[in-house]
Amino acid sequence: MSAGGTLEGGVDLALSDLSQKDCYKVLCSVVIPRPIALVTSLAANGAVNAAPFSFFNVFSEAPPLVVLGLQSREGAMKDTTANVRRTGEFVVNLVSEDIAEAMNRCAIDFPPDVGELAHAGLTAAPSRDVAVPAIAEAPVALECRRFMMVNVSVERDLLIGEVLRVRARPGIIDPETLYMDVDAYNPVARLFGNHYAKLGERFSMTREAYDPALHGPAETTDA
């Protein structure tokens, strides 16, 4: 691969010069870590489809929105895309260390009418605000309704979902303070290729308040 140039010994890439495969490789490897959405949706025959997505994040709290990048397969819609277009509902199940292997098994290309949960050793649990079941073993589940779906290319749809309800296993979110117990959650992050990561060592930083005496305009000198 040769595209772009160097920047003081680094790399300067125009993505328009890269193949789709190389664009994917670069973007997936530099934008890390990413959360993993194990999305459940309902097939036309009632089967519960489950598929992992790492082009995923929370987008807004008012309204409460999440964003997913959905990819087609050889010109045909993948199961999640077809199901959400038809029903307008889905559940984002977050991935913790204890279900990481099961999440990976859900990435197998099963036929559309075959549910992945049984093959992955996972259990469907009824949702409250949508017809799509959540995954009982997931630490947190976001019940979502389609807010907007944009077809951006033949192979890619951008799904924006409105989060109707957040449900968490006991011990993960304090019901009084709504604080998260990260040690109880143990989230798994997506890196690139076959690589994933645990949360690792954490640190805190306090956001400074603006103080004109400390943060005022810096002095400038005329050239």
Side-chain angles (χ1 to χ4, degrees), residues 1-39 51-78 80-81 84 92 94-97 100 103-104 106-109 142 144 146-161 163 182 185-212 214-223:
M1 178 192 72
S2 61
T6 60
L7 182 65
E8 297 182 357
V11 172
D12 181 2
L13 298 172
L15 295 192
S16 58
D17 294 335
L18 300 182
S19 67
Q20 179 179 340
K21 179 180 178 180
D22 284 338
C23 278
Y24 180 87
K25 180 166 62 176
V26 170
L27 291 176
C28 282
S29 61
V30 298
V31 184
I32 58 174
R34 300 188 304 280
I36 303 169
L38 183 52
V39 177
F53 295 87
S54 68
F55 279 13
F56 156 71
N57 218 312
V58 65
F59 179 72
S60 166
E61 84 287 352
L65 301 175
V66 293
V67 179
L68 284 152
L70 308 181
Q71 193 173 19
S72 298
R73 177 177 53 213
E74 298 177 353
M77 286 186 293
K78 280 198 169 184
T80 303
T81 306
V84 174
V92 172
L94 281 305
V95 177
S96 52
E97 293 177 24
M103 173 275 299
N104 193 45
C106 289
I108 297 171
D109 286 330
L142 313 179
C144 299
R146 183 183 60 218
F147 183 84
M148 183 184 300
M149 201 165 182
V150 182
N151 178 241
V152 296
S153 73
V154 174
E155 297 183 348
R156 183 70 65 179
D157 282 271
L158 182 68
L159 171 61
I160 303 176
V163 182
V182 180
Y185 185 1
N186 287 325
V188 170
R190 185 75 170 95
L191 298 179
F192 56 91
N194 294 325
H195 304 301
Y196 296 82
K198 299 178 182 180
L199 197 58
E201 185 178 352
R202 302 188 296 274
F203 63 94
S204 300
M205 292 190 293
T206 301
R207 180 176 176 177
E208 294 183 52
Y210 173 70
D211 183 344
L214 297 174
H215 307 113
E219 293 185 5
T220 59
T221 57
D222 294 332

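FYI, the numbering just counts along the sequence from 1. We use all heavy atoms of the structure for the numbers below, so side chains are in, but hydrogens, waters and symmetry mates are not.
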Can you check side chain to side chain contact (heavy atoms under 4.5 Å, CB included) on Val26 and Leu13, steps first, answer last? CA-CA 10 Å; Val26 170; Leu13 298 172; 4.0 Å; yes
Restricting to non-hydrogen atoms, name the atom on [X] and the atom on [Y] that form the minimum distance, rounded to 0.1 Å.
X	Y	answer
Cys28	Phe55	SG-CE1, 3.5 Å
Cys144	Val66	SG-CG2, 4.0 Å
Arg146	Leu159	CG-CD1, 3.9 Å
Ile32	Leu191	CG2-O, 3.6 Å

Could you state the interatomic distance from [atom1] ([X]) to [atom2] ([Y]), rounded to the nearest 0.5 Å?
X	Y	atom1	atom2	value
Leu158	Met148	CG	CE	9.0 Å
Met103	Phe53	CE	CZ	12.5 Å
Ser54	Leu68	OG	CG	10.0 Å
Leu214	Glu208	CG	CD	8.0 Å
Asp17	Cys23	CG	SG	9.0 Å
Leu18	Leu27	CG	CG	9.0 Å

Taking only residues two or more places apart in sequence or in another chain, which ones pass ring-ring contact (aromatic ring centres under 6.0 Å, His included) with Phe59? none
Listing request: all side chain to side chain donor-acceptor pair (under 3.5 Å) pairs with a residue in residues 192-204, at least two apart in sequence or in separate chains. Asp183-Arg202
What side chain to side chain donor-acceptor pair (under 3.5 Å) pairs are there with at least one residue in residues 59-68, not counting sequence neighbours? none
Verify the neighbour count for atom CD of Glu97: are there more than 12 heavy atoms of other residues, nucleotides or ligands below 6.0 Å? yes
Residues that Arg190 engages under side chain to side chain donor-acceptor pair (under 3.5 Å), provided they are two or more places apart: none
Pro52: which of Ile36, Thr80, Val95 passes side chain to side chain contact (heavy atoms under 4.5 Å, CB included): Ile36
For Ser153, all residues meeting side-chain contact (heavy atoms from CB on, under 4.5 Å), sequence neighbours excluded: Glu155, Arg156
How would you list, by chain and number, every residue that makes a side-chain contact (heavy atoms from CB on, under 4.5 Å) with Pro35, sequence neighbours excluded? Phe56, Asn57
If you define the side chain from C-beta out and look only at heavy atoms, does anything of Leu38 sit under 4.5 Å from Leu94? no
